[in-house]
Protein chains: 2
Amino acid sequence: MLVPLPPVSDLTAHLGFWLRMVSNHVSHAFAGKLAAEGVTVAEWVMMRALYGKDPMPPSRLAEEMGMTRGAITKLADRLIGKTLIVRAADRDDGRAQTLALTPRGTGLVPRLAMLADRNDAEFFDCLMPAERTALEQLLKRLVAHGRITATPTE
Amino acid sequence: MLVPLPPVSDLTAHLGFWLRMVSNHVSHAFAGKLAAEGVTVAEWVMMRALYGKDPMPPSRLAEEMGMTRGAITKLADRLIGKTLIVRAADRDDGRAQTLALTPRGTGLVPRLAMLADRNDAEFFDCLMPAERTALEQLLKRLVAHGRITATPTE
DNA sequence: TCTCCACTGTTGCCTAGGAAACTAGCTCCG
DNA sequence: CGGAGCTAGTTTCCTAGGCAACAGTGGAGA
């Protein structure tokens with residue numbers, strides 16, 4: 001005789017499920033737009049982090065982007081290969097490096113920012129202004145409550 | 001003489017940014033809890049999809065989970081290696097396979113579902129019931145508007 | 001000054017998933 | 001009934017990131 005299975009909460013019962021579903025989709029769509037410019041989301045985030053700032057050590061980027069230093073090394077290598085950023089030795093500390101946008105990289109950032117604006121509009125313009133605000137406030141509350149710090153890249 | 005940089009919208013100006021920030025964090029925390037049971041998020045989603053259902057072809061799982069068939073093959077291989085699911089040849093179609101939970105897999109699903117419940121509570125219990133509802137409605141509206149279908153795993 | 005330890009960045013090695021080529025079986029149509 | 005094309009799943013190659021070991025440099029204390 002068959003024992004009935006214990007009831008199990010549905011996947012869709014979790015807010016985390018819906019959050020991830022929307023987030024994945026929005027990010028994936030954005031990745032597609034960036035790909036047309038030959039850039040990945042992680043590359044965009046790094047370039048945006050460098051834009052308008054002094055040359056920055058990789059360790060700082062690792063912290064801001066929530067990635068390991070190893071991953072930053074490789075990500076930087078790729079951007080250097082595309083001549084979008086440059087790596088330079090730190091003047092004072094023989095161990096340290098700094099990363100900075102090239103002119104070409106600097107010129108690209110505003111174009112990519114436009115794509116980000118457009119992507120956001122594409123998904124969130126269907127909400128009323130008050131709803132957008134409500135969503136933003138809720139998300140920021142969750143960030144604060146969960147002590148969430150890193151810039152998302154994945 | 002230095003030309004001032006064009007102003008560029010801040011990363012944090014986008015709802016997609018906050019969405020991803022929270023989503024990543026929630027999922028990462030969940031992944032940590034699952035890891036204690038020796039399971040990944042993708043493995044959990046596959047097991048949950050099989051729970052209480054008839055044996056299912058990989059192609060159907062690929063569709064539901066928003067992954068390629070190739071990825072499903074490998075994911076299934078891993079779960080088979082852990083004796084949590086089994087693969088069987090389809091009775092009628094010589095090409096087709098079916099996947100189904102083993103008794104051990106079936107027994108594990110409720111334990112994992114508890115972890116999912118707990119993870120959701122950890123992040124979202126700080127919201128008032130009305131706020132939870134509001135967030136859920138907004139996310140579901142976005143899903144509907146963006147024609148989003150696949151179960152998120154990444 | 002020399003030694004030990006901390007810190008910075010880099011380098012394998014490993015995992016996970018996508019894209020596309022490939023195999024095997026099915027189906028339809030001549 | 002035989003071949004062309006379709007379909008299901010697998011396999012291969014590639015990318016991206018984490019982890020951990022590593023090398024080189026700096027700094028503090030004996």
Side-chain angles (χ1 to χ4, degrees), chain A residues 20 24-25 27-32 34-35 38-47 55-82 85-100 150-154, chain B residues 20 24-25 27-32 34-35 38-47 55-82 85-100 150-154:
Chain A
R20 179 131 286 261
N24 277 354
H25 200 76
S27 293
H28 190 262
F30 183 40
L34 286 178
V39 166
T40 68
V41 175
E43 287 167 6
W44 148 250
V45 173
M46 179 176 276
M47 291 176 69
M56 195 177 294
S59 51
R60 169 112 180 268
L61 284 164
E63 194 180 348
E64 282 188 18
M65 298 177 62
M67 293 171 61
T68 63
R69 287 169 303 160
I72 294 292
T73 295
K74 296 171 219 175
L75 181 50
D77 285 344
R78 268 171 264 146
L79 281 171
I80 291 167
K82 297 178 186 171
I85 69 170
V86 283
R87 180 153 35 203
D90 185 283
R91 175 180 308 271
D92 303 322
D93 186 335
R95 299 166 298 183
Q97 305 281 327
T98 63
L99 299 173
T151 298
T153 56
E154 314 158 21
Chain B
R20 180 131 286 263
N24 277 355
H25 200 75
S27 293
H28 191 262
F30 184 39
L34 285 178
V39 166
T40 68
V41 175
E43 287 166 7
W44 150 248
V45 173
M46 179 176 277
M47 291 176 68
M56 194 177 295
S59 51
R60 169 113 181 266
L61 285 164
E63 194 180 348
E64 284 189 17
M65 298 177 63
M67 292 171 61
T68 63
R69 287 169 302 160
I72 294 293
T73 296
K74 297 174 227 174
L75 182 50
D77 286 344
R78 269 171 263 144
L79 282 170
I80 291 167
K82 296 178 187 173
I85 70 171
V86 282
R87 180 154 32 205
D90 184 284
R91 174 178 310 268
D92 302 321
D93 187 335
R95 302 166 296 182
Q97 305 282 328
T98 63
L99 300 173
T151 297
T153 55
E154 318 158 16

I need the [atom1]-[atom2] distance between [X] and [N], as an integer number of Å.
{"X": "B:Arg87", "N": "D:dT10", "atom1": "CZ", "atom2": "C1'", "value": "9 Å"}
{"X": "A:His28", "N": "C:dG17", "atom1": "NE2", "atom2": "C1'", "value": "11 Å"}
{"X": "B:Arg78", "N": "C:dA16", "atom1": "CZ", "atom2": "P", "value": "4 Å"}
{"X": "B:Met46", "N": "C:dA16", "atom1": "CE", "atom2": "P", "value": "13 Å"}
{"X": "A:Ile85", "N": "C:dG9", "atom1": "CD1", "atom2": "P", "value": "13 Å"}
{"X": "B:Gln97", "N": "C:dT23", "atom1": "CD", "atom2": "C1'", "value": "13 Å"}
{"X": "A:Asp92", "N": "D:dG26", "atom1": "CG", "atom2": "P", "value": "10 Å"}
{"X": "B:Leu79", "N": "C:dA16", "atom1": "CG", "atom2": "C1'", "value": "13 Å"}

Margin query: Could you tell me if the side chain of B:Glu64 sits less than 4.5 Å from the side chain of B:Val45, heavy atoms only?
Written below: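 SC-SC contact between B:Val45 and B:Glu64 ruled out.
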
Checklist line | Where A:Arg69 and A:Ser59 come nearest, the two heavy atoms and their spacing | finding: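 Where A:Arg69 meets A:Ser59 most closely, the heavy atoms are CG-CA, 4.5 Å.
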
Notebook entry, point to check: B:Arg87 and side chain to side chain donor-acceptor pair (under 3.5 Å): which partner among B:Thr98, B:Asp77, B:Thr73?
Noted result: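 So the option named by the test is B:Asp77.
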
Next item on the list: Can you check whether any acceptor in the base of C:dC26 is under 3.5 Å from a donor in the side chain of B:Arg95, or vice versa?
Entry: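 For B:Arg95, whose side chain was compared with the base of C:dC26, there is no donor-acceptor pair (under 3.5 Å).
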
Margin query: So, under a plain 3.5 Å distance rule, would you say the side chain of A:Lys74 forms a donor-acceptor pair with the base of D:dG18?
Written below: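 Such a pair exists between side chain and base.
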
Margin query: Need one value for B:Asp93: base, sugar-phosphate or nothing, where a base atom within 4.0 Å counts as base even if backbone is also close, heavy atoms only.
Written below: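 Sugar-phosphate contact only - B:Asp93 comes under 4.0 Å of backbone atoms but never of a base.
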
Check: Looking for any heavy atom pair under 4.0 Å, which part of the strands does A:Gly94 touch: base, sugar-phosphate only, or nothing?
Finding: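 Sugar-phosphate only.
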
Notebook entry, point to check: A:Glu43 and A:Leu34: side-chain contact (heavy atoms from CB on, under 4.5 Å), yes or no, with the steps?
Noted result: CA-CA 10 Å; A:Glu43 287 167 6; A:Leu34 286 178; over 6 Å; no

Name the closest nucleotide to the [X] side chain, picking from [options].
{"X": "B:Ser59", "options": "D:dG9, C:dT11, D:dG18", "answer": "D:dG9"}
{"X": "A:Met67", "options": "D:dG17, D:dT10, C:dT8", "answer": "D:dG17"}
{"X": "B:Thr40", "options": "C:dG9, D:dC19, C:dA16", "answer": "C:dA16"}

Check: Which comes earlier along DNA chain C counting from the 5' end, the contact point of A:Ala96 or that of A:Ala71, where each point is its nearest nucleotide?
Finding: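 Per heavy-atom nearest nucleotide, the more 5' residue is A:Ala96.
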
Next item on the list: To the nearest 0.5 Å, tell me how far B:Lys74 NZ sits from B:Ile72 CD1.
Entry: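 The CD1 atom of B:Ile72 is 11.0 Å from NZ of B:Lys74, to the nearest 0.5 Å.
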
